[in-house]
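Everything below concerns the one structure shown next.
Protein chains get the first letters and strands the later ones, always in sequence-line order, with residue 1 at the start of each.
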Amino acid sequence: MITKPKGMYDLLDIDAKLYQYIQNTITTYMENYNYDFIRTPIMESSELFHRTVGEETDLVTKETYDFVDRGNRNMTLRPEGTAGVVRSLIENKLYGNHNETIKYYYLGTMYRYERPQLGRNRELTQFGVEVFNSDDFMSDVEVISLGANVLKDLGIENFTIHINSLGDKESRDNYTKALKNYLKPNIDKLCPDCQARFNKNPLRILDCKVDKNSDILKNVPKINDYLNEESKFRFNKITEMLTMLDIDYELDFNLVRGLDYYDYTVWEYLTDEEGLALGGGGRYNGLVKSLGGPDMPAIGFGIGIDRVILELKKKLEGHELKKNIDAYIMCVNEEEKIHALKIAQDLRLNNIMTEVNSNNLSFKSQFKVADNLNAKFIIILNSEDLAKGLINVKDNATKEEMKIDENELTDWIMGNI
RNA sequence: GCGGAGUUGGUGAAGUGGUUAACACGGUAGAUUGUGGCUCUAUUAUGCGUGGGUUCGACUCCCACACUUCGCCCCA
């Protein structure tokens with residue numbers, strides 16, 4: 001038997017239903033917020049991710065699906081959504097010649113070569129938005145609240161927004177310097193991972209689970225104290241506006257996020273019980289320019305749909321998702337089958353959810369199938385009635401049976417569902 | 001990439017080195033209900049993740065691999 005590759009999965013049953021529900025909700029939301037849908041390729045030149053996500057981040061150094069194609073090109077399956085959208089923005093000159101804020105959203109699969117766990121697969125689906133050409137706190141607030149509102153609207157209540165500001169490059173550099181100076185004398189008291197981070201990505205030491213409660217990390221300098229006036233003003237304005245919009249959040253000065261391109265505002269949507277991240281985002285004002293585009297500010301987030309599905313499934317535990325069709329057509333002999341096909345097509349073309357016995361089931365089994373599908377009406381064809389141009393319809397709730405003229409059946413059902 | 005746990009039918013699962021892999025749900029066929037939903041009867045894995053090995057004999061012991069799951073790293 002051929003089995004699925006590690007970390008891949010089939011989207012089935014309830015998961016598939018929830019996925020479609022999420023997709024529909026998102027589509028509606030994005031229209032209301034006036035975002036355009038964009039789909040970028042699942043694979044890009046490897047170089048794109050090296051230049052955006054960061055040369056040193058693990059996501060790029062050891063967690064991508066890389067391969068050389070038949071033309072000897074280095075390709076990478078996208079590990080995240082932002083890089084492709086930014087590349088497309090530049091390549092297609094989507095910034096054009098207007099001053100408006102440019103707003104896109106995407107929904108698609110990403111690929112990361114890592115060890116699978118619950119809520120973490122090698123193929124994952126992300127929904128994300130990217131907003132370009134606005135450096136105002138207005139867009140920060142819009143994007144942060146948009147993500148929270150979508151999650152809430154989908155039915156997820158138990159999450160908290162963790163938010164922080166990394167400030168501009170200058171503030172961030174100053175802070176990194178101060179942090180390293182503070183940690184240097186005590187570095188050997190931290191865990192081995194942190195010692196490695198010290199040179200590679202010192203900000204991530206703040207995130208460490210092992211040393212979280214050590215005195216060293218408790219008294220670590222706070223990035224907030226190193227923000228310059230402009231960065232500080234922006235951050236305060238954003239939190240103020242979130243409060244005004246009734247969006248709850250938690251200041252988290254240890255939140256730094258992994259990708260290199262973030263500056264200023266960064267945030268995550270964390271579930272309350274396990275602290276599993278549903279999504280996260282940040283501002284990345286330098287990225288467009290560094291990829292050869294105009295000097296254009298940008299901000300965005302990504303939300304892991306698979307994790308959203310996981311959360312929604314917890315709520316559904318115990319509940320069965322039942323089918324609810326409008327009509328089930330029972331038939332046994334050839335003549336009845338012919339009528340069944342005709343009636344089924346007619347009903348379906350009139351938006352009536354219809355199923356028809358297509359499996360030579362016994363009379364009894366057909367009733368069972370109709371029950372399992374929760375059919376509102378059961379259309380029981382029999383040759384005798386058909387000869388008189390009549391259709392036998394049973395209301396499955398009242399068990400009442402009636403004979404309807406063949407030509408009026410569709411109208412009758414439409415009037416009674 | 002590192003470490004731990006697991007893998008029995010459509011589903012939940014029990015089980016032992018030795019003919020027929022328990023039980024329950026579900027499925028199918030039939031009986032009885034005026035055309036089903038209750039009840040009853042029969043039937044439903046030549047198969048115990050895959051491939052090797054040990055053995056007279058393995059689902060049960062050993063090895064490898066695959067997949068799942070938990071933790072680390074990292075991240076959504």
For A/K103 and A/Y33, the nearest pair of non-hydrogen atoms, with its separation, is NZ-O, 2.9 Å
Heavy atoms under 4.0 Å, any strand shown: does A/L124 hit a base, just sugar-phosphate, or nothing?
base
Using a heavy-atom cut-off of 4.0 Å across all strands, would you classify A/N392 as base, sugar-phosphate, or nothing?
base
When you measure from the side chain of A/N416 to the backbone of A/W412, do you find a donor-acceptor pair of N or O atoms at a distance under 3.5 Å?
yes
Backbone N/O of A/T354 and side chain of A/R348: donor-acceptor pair under 3.5 Å:
yes
Looking only at the aromatic ring of each residue, does the gap between the centers of A/Y105 and A/F301 stay below 6.0 angstrom?
no
Neighbour count >12 (heavy atoms, 6.0 Å) for atom CE, A/M138
no
A/T410 and A/N350: side chain to side chain donor-acceptor pair (under 3.5 Å), yes or no, with the steps?
CA-CA 8 Å; A/T410 304; A/N350 281 287; 4.8 Å; no
Could you tell me how far B/rC59 sits from B/rG47 if I compare only their C1' atoms? Round to whole Å.
9 Å
What distance, rounded to whole Å, do you find between the two P atoms, one in B/rG51 and one in B/rA66?
15 Å
Closest to the A/A277 side chain: B/rU35, B/rA29, B/rA76?
B/rA76
For B/rG71, does the base pair up with any side-chain atom of A/R115 as donor and acceptor (N or O, under 3.5 Å, distance only)?
no
Stepwise, does the ring-ring contact (aromatic ring centres under 6.0 Å, His included) test hold for A/Y106 with A/Y35?
CA-CA 10 Å; A/Y106 61 84; A/Y35 283 65; over 10 Å; no
Let me spell it out: for each of A/I378 and A/S362, pick the nucleotide of RNA chain B with the closest heavy atom. Which residue's pick is nearer the 5' end?
A/S362
Rounding to the closest angstrom, what is the interatomic distance between B/rU20 and B/rU55 at atom C1'?
23 Å
Using the C1' atom on both, measure B/rC73 against B/rG4 and round to a whole Å.
16 Å
Quiz item: cation-pi between A/R122 and A/Y113, 6.0 Å / 45°
yes
What is the nucleic acid contact for A/R257, judged by heavy atoms within less than 4.0 Å: base, sugar-phosphate only, or nothing?
sugar-phosphate
Give A/N396 one of three labels, base, sugar-phosphate or nothing, depending on what nucleic acid heavy atoms sit under 4.0 Å from its own.
base
Students often get this wrong, so: under 4.0 angstrom with heavy atoms, is A/T125 touching a base, only sugar-phosphate, or nothing?
nothing
Could you tell me if the ring centre of A/Y175 sits under 6.0 Å from that of A/Y226?
yes
Between the side-chain atoms of A/E401 and the base atoms of B/rU35, is any donor-acceptor pair under 3.5 Å?
yes
Give me the distance, rounded to whole Å, that separates B/rC40 from B/rC56 when you measure between the C1' atoms they each carry.
46 Å
Nucleotide N/O to protein N/O under 3.5 Å, stretch nucleotides 66-68 of chain B:
residue: B/rC67; atom: OP1; partner: A/K6; partner atom: N; Å: 2.9
residue: B/rU68; atom: OP1; partner: A/G7; partner atom: N; Å: 3.1

Measuring only the P atom in each nucleotide, how far is B/rC23 from B/rA42? A whole number of Å is fine.
12 Å
Could you tell me which nucleotide pairs with B/rA42 by Watson-Crick or G-U wobble geometry, both distances under 3.5 Å, or answer none if nothing does?
B/rU28
Filtered N/O pairs between nucleotides 31-34 of chain B and protein, under 3.5 Å:
residue: B/rA31; atom: N6; partner: A/K364; partner atom: NZ; Å: 3.2

Specify whether A/F367 and A/F363 have parallel, tilted or perpendicular ring planes, treating 30° as the upper limit for parallel and 60° as the lower limit for perpendicular.
perpendicular
So, does the side chain of A/R120 form a donor-acceptor pair with the base of B/rC74 at under 3.5 Å?
yes
Short of 4.0 Å, heavy atom to strand atom, which residues of residues 247-255 of chain A count as contacting RNA chain B?
none
Have a look at A/G128 and say if it touches a base, only the backbone sugar-phosphate, or nothing, with a 4.0 Å heavy-atom cut-off.
nothing
Quote, to the nearest angstrom, the C1' distance that separates B/rA64 from B/rC70.
23 Å
Determine the Euclidean distance between corresponding P atoms of B/rC61 and B/rA5; express it in Å to zero decimal places.
15 Å
